[in-house]
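For reference, the structure is listed below as C-alpha cells.
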Amino acid sequence: AEACDNHFGSMENAKKMIIQAKENGADCIKFQHHIADEEMLPNVPQSSNFDQPLYEFLKKNALSLDNHLEIKQYCEKVGIIYLCTPFSLKAAQELNSIGCVDFKIGSGEMTDIPTLLEISKFAKNLILSTGMSTFEEIDRTYLELKKTGVNFCFLNCISEYPTLYEDLNLNVIPKMISKYNDIFIS
C-alpha cells in the first residue's frame with residue numbers, strides 16, 4: 001500500500017492508513033522520508049498541481065525520524081511490513097539507523113548512481129522504480145548495482161498520477177524481464 005505523504009504530517013492519519021492497508025489485505029505499507037534541505041533548494045519553482053511550493057509542503061508535512069521509528073514499530077505491532085523511500089543519502093542513513101529492512105528508491109533517484117552506491121553499502125534489498133528513465137539509464141543503474149552484490153529489483157513505474165489508461169505501456173514489462181532476466185521485475 002502506498003502511504004507516501006498522504007498523512008500530511010499527522011501520526012494519527014499515518015496510523016489510520018496502516019490499519020486500513022492491513023484490513024484491505026496489504027502485506028506492506030510504504031512511506032517516504034523527506035529531509036527538504038537535503039533534497040532541494042528553498043526556492044524551487046512551484047508545480048502547477050500544488051497550491052504551495054514543494055519545499056514548504058515538505059518542511060510542514062514531512063515526518064521526523066522519531067515519527068518513522070514509531071510508525072515502523074506500529075507496523076510491527078499490527079503485522080504489516082514497513083517500507084520507506086529515502087529521498088536523499090541522509091534520509092537513507094537515518095532509516096538505516098532505525099532498522100529499516102529494505103529501501104524503495106523513487107523514480108527521480110533511480111539514476112543517482114553515487115547515492116545508490118552508498119545506499120547499497122547498507123546491504124539492504126533495493127526496490128527501484130524506473131519511471132522517467134530510458135533503457136540506457138536503467139542499464140547504467142543495473143550494471144553499477146550488479147557490481148555491488150546488493151539484492152535489487154526494478155518496478156515498471158508510470159510517473160503520472162493518476163495514470164491514464166492509454167499511458168500504462170505494460171508491454172515494457174516483458175522487455176524488462178528479458179533484458180534483466182536475473183532480477184525480479186514487476
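These numbers were taken from a predicted model, which means no experiment stands behind them.
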As an exercise, state the distance from [atom1] of [X] to [atom2] of [Y], rounded to the nearest 0.5 Å.
X      : Y      : atom1 : atom2 : answer
Met132 : Glu137 : CE    : CD    : 9.5 Å
Ile138 : Asn156 : CD1   : CG    : 8.0 Å
Ile35  : Met40  : CD1   : CE    : 11.5 Å
Ser97  : Glu94  : OG    : CD    : 6.5 Å
Leu83  : Ile29  : CG    : CD1   : 10.0 Å
Ile119 : Glu109 : CD1   : CD    : 8.5 Å

According to a hydrophobic-cluster definition based on side-chain heavy atoms being under 4.5 Å apart (Ile, Leu, Val, Met, Phe, Trp, Tyr only), do [X] and [Y] belong together?
X      : Y      : answer
Ile105 : Ile113 : no
Met176 : Leu170 : yes
Val172 : Ile127 : no
Ile98  : Leu126 : yes
Leu65  : Ile18  : yes

Any chance the side chains of Tyr55 and Asn43 put a donor and an acceptor closer than 3.5 Å?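 No, because no side-chain N or O of Tyr55 sits under 3.5 Å from a partner of the opposite role on Asn43.
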
Short side-chain donor-acceptor distance under 3.5 Å, Asn125 and Asn151: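 Distance-only check passes for Asn151 and Asn125.
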
Please examine the side chains of [Y] and [X], heavy atoms only from C-beta on, and report whether any two atoms are closer than 4.5 Å.
X      : Y      : result
Phe103 : Pro86  : yes
Val78  : Ile19  : yes
Cys84  : Lys104 : no
Phe31  : Thr85  : no
Leu63  : His34  : no
Leu116 : Leu128 : yes
Asp27  : Ile80  : no
Ile183 : Ile185 : yes

Which heavy atom of [X] sits nearest to which heavy atom of [Y], and what is that distance?
X      : Y      : answer
Ile71  : Met11  : CG1-CE, 3.6 Å
Gln32  : Glu2   : NE2-OE2, 4.4 Å
Lys124 : Val150 : O-CG2, 3.1 Å
Leu58  : Asp5   : CD2-OD2, 3.9 Å
Cys157 : Ser107 : SG-OG, 3.6 Å
Ser133 : Met110 : OG-SD, 3.6 Å

Do Asp102 and Tyr82 pass the side-chain hydrogen bond (donor to acceptor under 3.5 Å, both in side chains) test, and can you show the C-alpha distance, the side-chain angles, and the key distance before you say yes or no? CA-CA 9 Å; Asp102 301 318; Tyr82 164 84; over 6 Å; no

Donor-acceptor contact present, side-chain Ser178 to main-chain Lys175, <3.5 Å: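 No, the answer is negative, given that no donor and acceptor are paired below the 3.5 Å cut-off.
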
Side-chain donor/acceptor of Thr148 to backbone N/O of Leu145, under 3.5 Å: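 Yes, the answer is positive, given that a donor and an acceptor are paired below the 3.5 Å cut-off.
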
Classify the ring geometry of Tyr142 against Tyr180: parallel below 30°, tilted from 30° to 60°, perpendicular beyond 60°.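 Tilted.
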
I'd like to know if [X] pairs up with [Y] as an ion pair, taking the criterion as any Lys NZ or Arg NE/NH1/NH2 lying under 4.0 Å from an Asp or Glu carboxylate oxygen.
X      : Y      : answer
Lys60  : Glu56  : no
Asp139 : Lys179 : yes
Glu144 : Arg140 : no

Is [X] atom [atom1] crowded by more than 12 heavy atoms from other residues, nucleotides or ligands, each under 6.0 Å away?
X      : atom1 : answer
Lys30  : NZ    : yes
Phe135 : CZ    : yes
Gln52  : CD    : yes

Please lay out, stage by stage, how Asp182 and Lys146 fare under the test salt bridge (charged side-chain N to carboxylate O under 4.0 Å, His left out). CA-CA 10 Å; Asp182 60 342; Lys146 286 304 281 185; 2.8 Å; yes

